[in-house]
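Reading through the structure tokens given below for one structure.
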Amino acid sequence: MTKFDRNEVAYFIDEWVKENLSESFTFRPFQKEAILSLIENILTGKKVQVIEAPTGSGKSYIAIIAAGVLYQHFRKTSYILVSDVTLFRQYEKDLNKFNLRWGCICGKDNYLCSQNGECFSNGKCQINNISVQKLSDPITATEEGYFCATSCKYIKEHKRAMAAPITVMTYQLWFISMCLMKDTDGVAFPKKDIVICDEAHKLADIVQSQFSPRISMGEMEYLSVIDNFMETHGDEFDNPSVNPGFQKFNQTYEIMKLVYNKNYSDVNEKRRDLKMLFDRFYTLFTKLSGLYDELTDIVKEAPHPQPYYKVLKAFRAMINDYCRMELYKKVIEQKGISNFIPSLTNDEVIEFNCACEAELIKETFHKEANQEILMSATIGDADIYMDLIGATDFSKYAMEVPSIFDFSKSPIYFGSKYKMSYNEKANSLPHILEEIKEILNKHKSERGIIHSGTYEISKAIFDSLPPDLKTRIIFYNNAKGRSEAIALYKKFNNKILMGPSILEGLDFEGDLCRFIIIAKLPYASLSNNLVQAKMELYPNWYQYDCVNKITQGIGRGVRSETDYCSTYIVDGCFSDLVRRSGNLFSKNISSRFRRL
């Protein structure tokens with residue numbers, strides 16, 4: 001444990017900023033204090049730090065400066081993890097601006113192959129199964145005929161990220177490297193001393209998405225390739241008879257679909273049957289994993305014809321699922337079958353979720369990260385957050401950076417008596433539509449956004465409006481049309497962007513958004529089996545999740561110290577939420593509540 005001298009570290013911070021950012025760099029209020037606290041807690045051995053830093057506090061600079069000082073003066077290496085490519089590009093831009101030669105890498109599909117114009121994962125070298133490890137060495141890359149490797153953006157960024165003391169990357173890439181080793185072409189990124197997470201409120205959702213096993217009929221194509229190869233080359237393996245084969249997989253998949261769709265009177269019996277079939281799949285994947293390891297050793301010994309590399313690629317596609325199943329199975333065995341939540345997402349895919357996300361996060365994140373800094377503008381109640389991510393047993397610290405914004409012109413209006421709950425929506429909707437129409441007429445010359453909650457409500461709102469208001473509405477009917485709608489909205493004044501998923505990840509500064517309407521509270525769907533299971537495990541989660549989504553949504557319209565935006569929550573259920581769980585809102589939000 002390193003001794004901490006606050007004055008000395010404050011000097012280190014100032015000097016690092018002058019040397020690496022700018023002589024004229026000015027700290028925002030509370031920013032330097034936050035950096036000092038983070039560094040102190042790292043040096044005094046805290047495992048988990050949670051920091052809620054609102055919009056405008058400069059979270060990315062807090063992360064960059066803390067990581068830079070911790071390496072330069074204390075030789076502590078760091079990963080900075082981001083939740084999406086948009087945030088990744090922001091960090092990439094900042095690093096380039098200040099010429100910080102750190103690692104900065106995201107998934108292969110975000111880089112283009114200079115030889116065929118496809119994304120890197122479909123580039124010529126990847127089609128021919130040339131590993132990133134070989135391409136990173138100019139000699140072996142040249143021997144393989146890939147002279148382009150020396151100028152390939154992905155390869156250059158990969159090499160830098162491997163060697164750099166500080167690397168920015170996506171959560172997904174970090175998890176693949178730390179936990180799904182067989183998905184890394186044998187080149188896993190090294191562990192570092194610290195993991196700094198931006199948008200850390202998304203951690204549970206990212207882990208659930210990354211590590212929930214999925215069994216798909218689409219994998220039958222890979223099994224067919226493996227089957228055909230084993231018929232021709234099976235004698236090269238020590239025990240070719242362990243190949244589970246296309247037929248057994250297909251049979252198990254069809255049985256699982258029948259079980260899933262069968263009308264059970266006992267839910268627990270259904271869950272036990274599905275768990276039994278999951279175990280059968282796991283056994284089949286385990287056999288595939290053994291064959292994969294053996295085939296990998298075979299091709300390492302000497303170059304082989306193309307069919308070997310084609311089947312190796314098919315194996316990898318299947319083995320990724322095995323790695324996820326292995327982790328998932330371990331957690332379910334530890335925490336009990338009640339956490340086993342299967343769902344048939346469509347006729348082709350069965351997904352297995354884990355209700356006990358905290359345990360899944362322990363296995364995949366806390367176990368792999370030495371020390372953690374978890375940052376977000378919407379952590380909410382720190383104790384609930386710590387519980388949900390399984391951090392209650394670690395040495396920890398939580399801090400909230402005060403907001404520097406003036407919210408006097410950004411009221412949050414609520415108080416409608418019409419509720420948009422499942423049982424009351426039909427009767428309430430006509431009244432809600434009238435309230436929305438009145439609000440839109442109040443903001444005739446301003447741009448704003450409507451969080452509808454569902455595509456169905458979006459359509460109902462649009463259909464209820466008179467022609468003059470309809471011409472102002474820009475809305476989308478699916479996730480694909482969302483980006484186009486947002487781009488169009490930004491081009492024109494006086495427009496209104498409407499959709500069910502405009503709650504986070506968007507920056508509508510200044511005149512881009514002067515009012516926000518939340519037509520329906522963003523509660524998670526009670527028809528979802530995973531939601532029901534999480535509500536049983538974590539009594540506070542359902543309200544906590546809704547509060548954080550509302551906070552994210554409100555934050556779209558106030559992005560700077562001089563910005564302002566009025567919010568209208570027309571769903572009468574909000575009054576009940578404030579009465580029962582008002583303490584979950586931050587003071588920055590609750591102090592702005594105004595009854596209509």
Side-chain angles (χ1 to χ4, degrees), residues 1-2 35 37-53 59-60 62-64 66-71 74-83 87-88 91 102-106 161-162 164-181 183-184 188-211 323-324 327 330-331 334 354 356-376 379 382 385-399:
M1 189 178 293
T2 307
I35 295 166
S37 293
L38 292 178
I39 293 174
E40 177 180 9
N41 286 309
I42 288 294
L43 297 180
T44 55
K46 290 287 189 299
K47 162 71 173 169
V48 181
Q49 292 187 72
V50 173
I51 172 171
E52 181 168 87
K59 286 193 302 298
S60 59
I62 290 174
I64 287 170
V69 172
L70 280 164
Y71 180 69
F74 304 98
R75 283 300 180 257
K76 298 279 188 180
T77 57
S78 299
Y79 281 112
I80 300 175
L81 305 187
V82 297
S83 57
L87 186 55
F88 173 84
Y91 272 95
W102 297 352
C104 198
I105 189 166
C106 51
M162 289 288 288
I166 302 165
T167 294
V168 177
M169 65 168 56
T170 58
Y171 283 87
Q172 292 81 356
L173 190 56
W174 186 85
F175 279 121
I176 285 170
S177 194
M178 298 298 138
C179 305
L180 303 174
M181 300 297 291
D183 194 19
T184 58
F189 288 96
K191 287 191 177 185
K192 296 188 188 297
D193 299 310
I194 307 159
V195 179
I196 303 172
C197 297
D198 204 339
E199 298 289 280
H201 66 280
K202 297 181 180 180
L203 180 60
D205 288 341
I206 291 170
V207 168
Q208 187 75 254
S209 174
Q210 191 79 14
F211 294 100
C323 294
R324 290 174 175 87
L327 281 165
K330 180 179 180 181
V331 170
Q334 287 175 348
C354 178
C356 188
E357 288 176 339
E359 199 64 32
L360 201 57
I361 294 170
K362 282 182 184 179
E363 283 293 326
T364 59
F365 182 70
H366 297 309
K367 189 177 282 189
E368 301 297 333
N370 294 322
Q371 288 182 283
E372 310 156 23
I373 297 173
L374 308 174
M375 306 191 309
S376 173
I379 291 294
Y385 176 76
M386 295 275 201
D387 186 36
L388 293 174
I389 65 165
T392 53
D393 295 335
F394 301 116
S395 58
K396 54 193 179 296
Y397 176 83
M399 101 176 79

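Computed from a prediction, not measured in an experiment: that's the story for all the values here.
- Closest of all the heavy-atom pairs between Ala188 and Met162 is O-CE, 3.6 Å.
- If you take CD1 on Ile166 and CD1 on Ile64, they are separated by 9.5 Å, rounding to the nearest 0.5 Å.
- Counting heavy atoms from C-beta outward, Ile105 and Phe189 have side chains that approach closer than 4.5 Å.
- For Glu372, the side-chain hydrogen bond (donor to acceptor under 3.5 Å, both in side chains) criterion is met by Lys47, His366, not counting sequence neighbours.
- For the pair Phe74/Asp193, no side-chain contact is recorded, criterion being any heavy-atom separation below 4.5 Å from C-beta on.
- With a 4.5 Å cut-off on side-chain heavy atoms, Phe175 and Leu180 do not count as touching.
- Listed here is the closest heavy atom pair of Cys179 and Thr364: SG-O, 3.3 Å.
- A donor-acceptor pair under 3.5 Å links the side-chain atoms of Gln208 to the main chain of Cys354, judged by distance alone.
- Listed by chain and number, the residues in a side-chain hydrogen bond (donor to acceptor under 3.5 Å, both in side chains) with Tyr71 amount to none (sequence neighbours excluded).
- For the pair Lys191 and Lys367, the tightest heavy-atom approach, listed with the atom from each and the gap, is NZ-O, 4.1 Å.
- The two residues Glu52 and Ile379 have their closest heavy-atom pair at OE2-N, 2.8 Å.
- Put simply, CD1 on Ile62 and CD1 on Ile35 are 6.0 Å apart, with the number rounded to the nearest 0.5 Å.
- Between Val50 and Met386 there is a side-chain heavy-atom pair separated by less than 4.5 Å.
- To the nearest 0.5 Å, atoms OG (Ser376) and OH (Tyr385) are separated by 7.5 Å.
- Considering SG of Cys356 and NZ of Lys362, their distance stands at 7.5 Å, rounded to 0.5 Å.
- When each of Ile389, Leu81, Ile196, Val195 is tested with Leu374 by the rule side chain to side chain contact (heavy atoms under 4.5 Å, CB included), just one qualifies, namely Ile389.
- Formation of a donor-acceptor pair under 3.5 Å by the Thr167 side chain with backbone atoms of Ala161 is found in this model.
- At distances below 3.5 Å, not a single donor-acceptor pair connects side-chain atoms of Asp198 with backbone N or O atoms of Ser83.
- Phe365 meets the ring pair (Phe, Tyr, Trp, His ring centres under 6.0 Å) test with Trp174; sequence neighbours excluded.
- Interatomic distance, CG of Leu173 versus CE of Met178, reported as 9.0 Å (0.5 Å rounding).
- Counting only distance, with no hydrogens or angles, the side chain of Gln371 and the backbone of Ile42 share a donor-acceptor pair below 3.5 Å.
- Across all their heavy atoms, Ile80 and Ala67 have their closest contact at CD1-CB, 4.4 Å.
- Looking at heavy atoms from C-beta onward, Val207 lies out of side-chain contact with Tyr171 at the 4.5 angstrom threshold.
- Counting only distance, with no hydrogens or angles, the side chain of Tyr79 and the backbone of Thr170 share no donor-acceptor pair below 3.5 Å.
- The distance from the OG atom of Ser177 to the CE atom of Met169 is 6.5 Å, given to the nearest 0.5 Å.
- Closest of all the heavy-atom pairs between Leu38 and Gln49 is O-NE2, 3.1 Å.
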